[in-house]
Amino acid sequence: MAASTSAVSAPDVERTDLSRWRLNSHEGGGRHVWTYLSHEEAQTAEPQRDEEKYWLGIEVGAPSLPRATTPLDAARNGFAFYRRIQARDGHWAGDYGGPLFLMPGLVIGMYATGTPIPREWSIEMRRYLRSKCNEDGGWGLHIAGGSTVFGTATNYVTCRILGMAADEPVMVKARGLLHKLGGATGAPAWGKLWLAILGVYDWEGLHPVPPELWLLPDAIPIHPWRWWPHTRMVYLPMGYLWAKRFSVPLNPFLQQLREELYTQPYDTINWFRQRNNVAQVDIWAPHTRTLEALMGVLAGYEMLGPVAALREAGIRRAYEMVVMEDENTGYQGIGPVNKMLNYLVRWDVEGPDSDVMRQHREKLKDFMWMGPEGMRMTGTNGSQLWDTSFIAQALVDSGLVDDAENKAACARVLHWLDECQIRENPRHHKAAYRFATKGAWPFSTKEQGYTVSDCTAEGMKAVIMLQKDAGLDEQISEARLRDSVDLLLTMQNKSGGFASYETINGPKILEWINPAEVFGDIMIEYDYPECTTSVVTGLLKFKQMSDYRAADIDRCVKAAFKYIMAAQRPDGSWFGSWAVCFTYAMMFALESLHLSGQSCGNSAAVRRACHFLLSKQRADGGWGEAFESCVVGTYVQAKTSQVVQTSWAIIALLHAGSEDHEAIRRGVRLIMSRQQADGQWRDEDTVGVFNRNCSISYPNYVHSFTIWALGKAHRQIKGW
Ligand code: LAN
């Protein structure tokens with residue numbers, strides 16, 4: 001399970017000088033670009049700011065604060081530290097790493113297109129990969145996961161491209177494990193894809209991804225526009241690359257890799273038979289009979305020879321859609337996977353010296369995060385809006401917004417939220433099957449530009465709380481908030497629930513043809529309790545300040561509550577999809593029930609929820625839930641209590657109006673006991689998750705939710 005970190009401190013591992021890294025997040029808009037100064041530049045450059053030091057793991061040297069005796073004092077100390085690491089433009093930056101299947105796409109994509117990899121990146125990516133290698137020598141799908149063929153095969157070739165020799169002990173061990181797992185032939189589809197692009201896996205070993213799918217009439221229930229945006233945006237460029245059988249031409253290095261990756265000579269592998277060969281350790285969502293039957297039909301079509309005109313039209317259509325996606329997202333893509341696949345498509349068509357590739361190259365930087373153990377590729381270009389809107393709400397809810405020393409920080413937050421709101425629909429809107437964006441807040445930056453239901457709601461809540469509740473000078477007019485409300489009201493599903501990026505547009509049976517064996521529930525959108533709750537609370541917050549569309553809001557909220565109640569499990573819990581796990585979802589669900597007037601005093605559902613949460617409290621007063629909860633679907637205790645989950649549980653119990661104040665106090669005491677003298681809390685276990693099976697880091701949660709829980713507890717419970 002646990003990744004070994006021994007390599008980080010090994011003296012012989014090459015590393016850069018951490019004091020020469022700078023984070024240029026001052027350009028506005030929240031863009032993150034880490035740059036490495038030359039020796040000369042470092043002599044005259046501004047000294048590193050606390051923000052940079054903090055994220056690089058260099059001691060910030062913040063002074064010790066007077067010991068907190070009440071939760072509010074502890075929250076105050078917490079923010080005294082946290083505001084030191086606020087970005088100059090007002091948001092909070094952070095490491096959004098965790099998945100280990102992203103950097104291979106970057107490195108293979110750069111290699112395939114001859115894009116030079118900066119030396120400092122290469123050194124630090126190697127250091128990162130060494131540090132995330134499991135004890136058995138392999139890599140997992142993510143930093144908290146056991147070794148898989150996907151993780152090991154793709155990160156193995158990544159290390160090799162980055163210059164690590166085949167006979168280095170780390171490589172020898174990784175190769176040994178890979179062979180023990182059956183070799184790279186058993187990589188899941190997305191692993192096969194990257195290896196095929198590199199020219200070290202035969203395209204014959206991949207199931208077809210015909211771009212002709214994009215030529216189907218929109219009304220067909222399986223048309224890709226109906227898929228979850230991440231999935232359709234990954235399969236779009238994949239279709240192009242598959243149809244073209246895009247591969248790096250064979251060279252002696254790749255020849256050598258072909259020898260290293262398999263347990264038998266490359267030329268003797270029966271590639272066609274590998275299509276359904278996926279190593280057992282990798283499988284989360286096994287192929288269904290329906291998928292295999294469909295793939296059989298597609299394989300037959302390929303054997304007969306596809307209709308050339310159709311194939312050409314499919315390729316052209318996929319390319320046009322890739323162009324629209326690039327232009328809609330400032331060359332970021334919706335995420336790092338389609339970013340790199342689009343990168344290859346555009347290079348293939350437009351060539352390396354085009355303006356398009358110049359822009360694409362520039363935006364590679366947005367996904368590269370430098371941290372204490374090296375450089376990683378992140379799950380999106382950051383989590384800027386998400387983190388900033390939580391701390392904004394925490395500051396208002398706790399009253400810390402009124403402290404004189406926090407005024408400037410709060411004003412900067414509001415200014416950033418103002419800049420981050422998306423004011424127009426996408427440039428290519430209907431043509432690119434994009435959901436409307438006017439009035440939205442995104443998850444990361446305005447430039448990335450995708451609407452997310454809960455991000456829009458949390459962004460809107462943060463603005464209303466800062467402007468109305470805390471009385472900061474208005475930056476965002478009511479008209480602009482009305483745009484957000486209009487947008488949210490169009491995002492509701494028939495069930496009453498809300499999904500992530502858009503409404504549910506496809507049938508559930510699409511999941512039967514989920515071809516990505518490593519992730520579950522990725523084919524279509526689903527209702528999520530977390531997203532639904534955020535939207536409900538956002539709309540109700542808005543209703544407190546305006547009559548605009550009050551009847552529509554009421555109708556929407558009523559239907560949403562029906563969904564939230566129906567999603568509660570008999571044991572009183574809610575299952576969370578975007579962080580670990582029940583504790584997270586319960587915080588959201590109980591917030592919305594609170595707003596509907598339900599509390600322990602008058603609602604059996606809320607009492608059941610509290611009972612569930614209280615039954616999970618640990619002897620030390622804290623809560624700690626393991627990542628495995630998301631995978632197995634039942635509550636699994638972590639090894640130790642975690643401050644973030646303890647904060648979520650406290651916030652949930654406070655929303656519920658739990659009368660067990662002693663339980664809340666014990667939780668509060670645990671959080672306070674873990675606070676450092678300078679006010680900060682140290683990072684603990686990874687709490688983010690996606691697609692049921694992959695962990696992702698939210699290192700800002702340890703600041704925002706602790707401050708929030710302490711401030712809220714102080715306000716709601718008397719006699720500290
Ligand atoms: C995210 C991160 C944020 C998350 C919340 C806002 C928390 C959630 O409530 C809605 C869904 C959303 C926006 C979300 C969706 C999936 C993402 C984008 C991620 C978990 C971050 C990384 C992940 C993305 C799919 C990673 C790339 C992998 C692929 C399978 C393409």
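One-based numbering, in listed order, for ligands and for the atoms of each.
Note on Lys712 versus Glu591: no salt bridge recorded, every NZ/NE/NH1/NH2 to OD/OE distance being 4.0 Å or above. Ionic pairing of Glu373 and Lys132 is present here: one or more N-O contacts between side-chain nitrogen and carboxylate oxygen are shorter than 4.0 angstrom. A salt bridge links Asp418 with Arg480: at least one charged nitrogen is closer than 4.0 Å to a carboxylate oxygen.
Residue-level proximity to ligand 1 for Ile334 is absent, since no heavy atom of it falls below 4.0 angstrom. Using a 4.0 Å cut-off between heavy atoms, Ala516 makes no contact with ligand 1 at all. Residue-level proximity to ligand 1 for Trp190 is carried by the side chain, the only part with a heavy atom below 4.0 angstrom. At a heavy-atom distance under 4.0 Å, no atom of Tyr450 approaches ligand 1.
For Phe101, the closest heavy-atom approach to ligand 1 falls below 4.0 Å. In this structure, Cys531 is part of the shell of residues with a heavy atom less than 4.0 angstrom from ligand 1. Distances shorter than 4.0 angstrom do not occur between any heavy atom of Glu530 and any atom of ligand 1. Within the 4.0 Å heavy-atom cutoff, Trp228 counts among the residues contacting ligand 1.
Comparing His230, Glu525, Met233 by heavy-atom distance to atom 24 (C) of ligand 1, the nearest is His230. Of the candidates Phe498, Trp578, Phe690, Tyr235, it is Trp578 that places a heavy atom closest to atom 4 (C) of ligand 1.
Checked by atom type, the side-chain pair Glu325/Asn342 shows no donor-acceptor distance below 3.5 Å. Using modelled atom types, one finds a donor on one side chain and an acceptor on the other under 3.5 Å when comparing Trp708 with Asp397. Side-chain atoms of Glu511 and Tyr526 form a donor-acceptor pair, as typed in the model, at a separation below 3.5 Å.
When each of Ile222, Ile522, Thr231 is tested with Leu510 by the rule side chain to side chain contact (heavy atoms under 4.5 Å, CB included), just one qualifies, namely Ile222.
In this structure, Tyr635 and Thr583 have side chains that are in contact, with non-hydrogen atoms separated by less than 4.5 Å. Residues Glu327 and Tyr331 form a side-chain contact, since some pair of their non-hydrogen atoms from C-beta on lies under 4.5 Å apart.
Here Phe443 and Tyr450 keep their ring centres 6.0 angstrom or further from each other.
Nearest protein heavy-atom neighbour of atom 21 (C) of ligand 1: Tyr96 OH, 3.3 Å. Given atom 13 (C) of ligand 1, the protein heavy atom at minimum distance is Tyr501 OH, 3.6 Å. Scanning the protein for heavy atoms near atom 5 (C) of ligand 1, the closest one is Asp454 OD2, 4.0 Å. From the protein, the heavy atom lying nearest to atom 27 (C) of ligand 1 is Val337 CG2, 4.2 Å.
Not one N or O of Ser500 is nearer than 3.5 Å to an N or O of ligand 1, by distance alone.
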